[in-house]
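In this text the structure is predicted, and so the values were computed from the model without any measurement.
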Number of protein chains: 2
Amino acid sequence: MTADITATVPPFAPTRRTDLCAEPPPPPRPDGQDRYTISEVAAWTGLSAHTLRWYERIGLMPHVDRSHTGQRRFTNRDLDWLTFVGKLRLTGMPVADMVRYAELARAGAGTFEERRALLEDTRRNVRDRIAELQDTLAVLDRKIDYYGCALGAPERD
Amino acid sequence: MTADITATVPPFAPTRRTDLCAEPPPPPRPDGQDRYTISEVAAWTGLSAHTLRWYERIGLMPHVDRSHTGQRRFTNRDLDWLTFVGKLRLTGMPVADMVRYAELARAGAGTFEERRALLEDTRRNVRDRIAELQDTLAVLDRKIDYYGCALGAPERD
DNA sequence: CGCTTGCCTGGAGTGCGCTCCAAGGTTCTA
DNA sequence: TAGAACCTTGGAGCGCACTCCAGGCAAGCG
């Protein structure tokens, strides 16, 4: 087992399943007829159908449309939202906070200020994380160099 | 509750507790007399004593020294190791993989190649994550701008 | 000498983000 | 029209990384 760092962070929208049976639909349906089944959305986002249903249950999705028999029919709008949620997820934002943002978004234009503040917090955090990671990168570079020209240096790890 | 993104990623070594009762000891003990109690190490790393003991139990620490009565006495070496582990943790590497690395380190010089490969994998992953985060940053910038000059644009979220 | 504080152990508990199950209805393909 | 493949629900289960608990030993202080 090698260090598969991203194993716990499943692929999301940007991935668009380029692997087996690649059929990535960036402008997925031609026109206004945008009604996707849950498995289509799952394939497109890389999330499982379970997770999509769970997102809806916890309030992270803005009330998904249903067919006349009760099956979910996602729209391009929903896809856009999921793409954005995927970005937030990459930042490490807890789901509870994403739900909070989703609530604000559903509440309408009156919550612009609060939403902006939330995103600005998030942006600060993302910048901090990038800085941390670059720091970490420097440490890794140093250590890999050390292994490269294995001197009897004061390292032992 | 605002979006405290790093809430699930507790502070680690670089932090060095600059808050209340600040007493950050970068070169903590003057000389060879480096024997820290678990609570000193906890304060210095930002990890809990529980977590330090747990790290040792699972093999993430290389056998910590004990006092004559069985209490742990950490050395500067241990502090260096914990700092490095903190870096790995920031990358999102699963604990199991860090343990694997620790085992290799304990096994001696014969595992240099494998350790280097592991760190190179990790480095690739860190680079990818930085790229993702920069992508996310661009999305956040765009959205914050949108809130800034709130036009009736095609956004709704 | 008693009291407080800190440390020890094994094992149980917690919170998060999914992930899966069972039992049943629906839709598509041959 | 049969059968496979897909969808529905509430609720239970899981893996990770801690986090805490009970019960007990040890050290320092007035």
Side-chain angles (χ1 to χ4, degrees), chain A residues 1 3-12 21 35-61 63-74 78 82 85-86 88-102, chain B residues 1 3-12 35-61 63-74 78 82 85-102:
Chain A
M1 170 174 96
D4 187 0
I5 261 55
T6 52
T8 56
V9 180
F12 203 73
C21 319
R35 296 172 65 74
Y36 311 95
T37 66
I38 198 165
S39 61
E40 285 174 314
V41 177
W44 194 78
T45 59
L47 296 168
S48 73
H50 292 303
T51 301
L52 288 169
R53 283 190 275 257
W54 179 66
Y55 275 8
E56 191 182 354
R57 254 196 301 199
I58 65 174
L60 192 46
M61 282 298 300
H63 307 106
V64 177
D65 233 52
R66 299 297 179 118
S67 75
H68 69 106
T69 55
Q71 299 198 348
R72 289 174 185 79
R73 292 295 178 261
F74 294 78
D78 294 324
L82 283 170
V85 163
L88 291 185
R89 210 174 48 127
L90 283 179
T91 71
M93 181 186 279
V95 167
D97 291 356
M98 295 195 270
V99 169
R100 171 85 187 123
Y101 182 86
Chain B
M1 170 175 97
D4 186 359
I5 262 54
T6 53
T8 54
V9 181
F12 203 73
R35 294 171 66 73
Y36 312 96
T37 67
I38 199 166
S39 61
E40 285 174 314
V41 176
W44 193 79
T45 60
L47 295 168
S48 73
H50 293 303
T51 300
L52 288 168
R53 283 190 275 258
W54 179 67
Y55 275 10
E56 191 182 353
R57 252 196 303 200
I58 64 174
L60 193 45
M61 282 297 298
H63 308 104
V64 178
D65 234 52
R66 300 299 179 115
S67 75
H68 69 105
T69 56
Q71 298 198 352
R72 288 174 185 79
R73 291 297 177 259
F74 294 78
D78 293 326
L82 283 168
V85 163
K87 292 291 182 197
L88 290 185
R89 209 174 50 127
L90 283 177
T91 70
M93 183 188 277
V95 167
D97 290 359
M98 296 196 270
V99 170
R100 171 83 185 125
Y101 183 86

| Counting only side-chain N and O atoms of Ser39(A), is one of them less than 4.0 Å from OP1 or OP2 of dC7(D)? | yes
| note | With B for base contact, S for sugar-phosphate-only contact and - for none (protein heavy atoms under 4.0 Å), nucleotides 9-15 of chain D reads BBB----
Is the closest side-chain heavy-atom distance between [X] and [Y] below 4.5 Å?
{"X": "Leu47(B)", "Y": "Tyr55(B)", "result": "yes"}
{"X": "Arg73(A)", "Y": "Ile38(A)", "result": "no"}
{"X": "Glu40(B)", "Y": "Phe74(B)", "result": "no"}
{"X": "Val64(B)", "Y": "Leu52(B)", "result": "no"}

Give the rounded distance in Å between these two atoms: [atom1] of [X] and [atom2] of [N].
{"X": "Ile58(A)", "N": "dC16(C)", "atom1": "CD1", "atom2": "C1'", "answer": "11 Å"}
{"X": "Trp54(B)", "N": "dG10(C)", "atom1": "CH2", "atom2": "P", "answer": "16 Å"}
{"X": "Arg89(A)", "N": "dC16(C)", "atom1": "CZ", "atom2": "P", "answer": "17 Å"}
{"X": "Tyr55(A)", "N": "dC18(C)", "atom1": "OH", "atom2": "C1'", "answer": "9 Å"}
{"X": "Leu52(B)", "N": "dA17(D)", "atom1": "CG", "atom2": "P", "answer": "16 Å"}
{"X": "Glu40(A)", "N": "dC6(D)", "atom1": "CD", "atom2": "P", "answer": "11 Å"}

| query | For the residue pair Tyr36(B) and Val41(B), what are the closest heavy atoms and their distance? | reply |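 The pair with the smallest heavy-atom distance is CB-CG2, 3.7 Å.
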| task | Select base, sugar-phosphate, or nothing to describe what Ser48(B) touches, counting heavy atoms under 4.0 Å on all strands. | result | nothing
| remark: Residues passing the salt bridge (Lys or Arg N to Asp or Glu O under 4.0 Å) test with Arg66(A), sequence neighbours excluded, are Glu56(A)
| query | Which of the following nucleotides, dT19(D), dC18(C), dC7(C), is nearest to the side chain of Ile38(B)? | reply |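 Given the options dT19(D), dC18(C), dC7(C), the side chain of Ile38(B) is closest to dC7(C).
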| said: Between Arg35(A) and Asp65(A), does any NZ, NE, NH1 or NH2 come within less than 4.0 Å of an OD or OE carboxylate oxygen? | reply: yes
Could you list the protein-to-nucleotides 27-30 of chain C atom pairs, N/O on both sides, closer than 3.5 Å?
{"residue": "dT27(C)", "atom": "OP1", "partner": "Thr69(A)", "partner atom": "OG1", "Å": "2.6"}

| For Ser48(B), side-chain contact (heavy atoms from CB on, under 4.5 Å) partners two or more places apart | His50(B), Thr51(B)
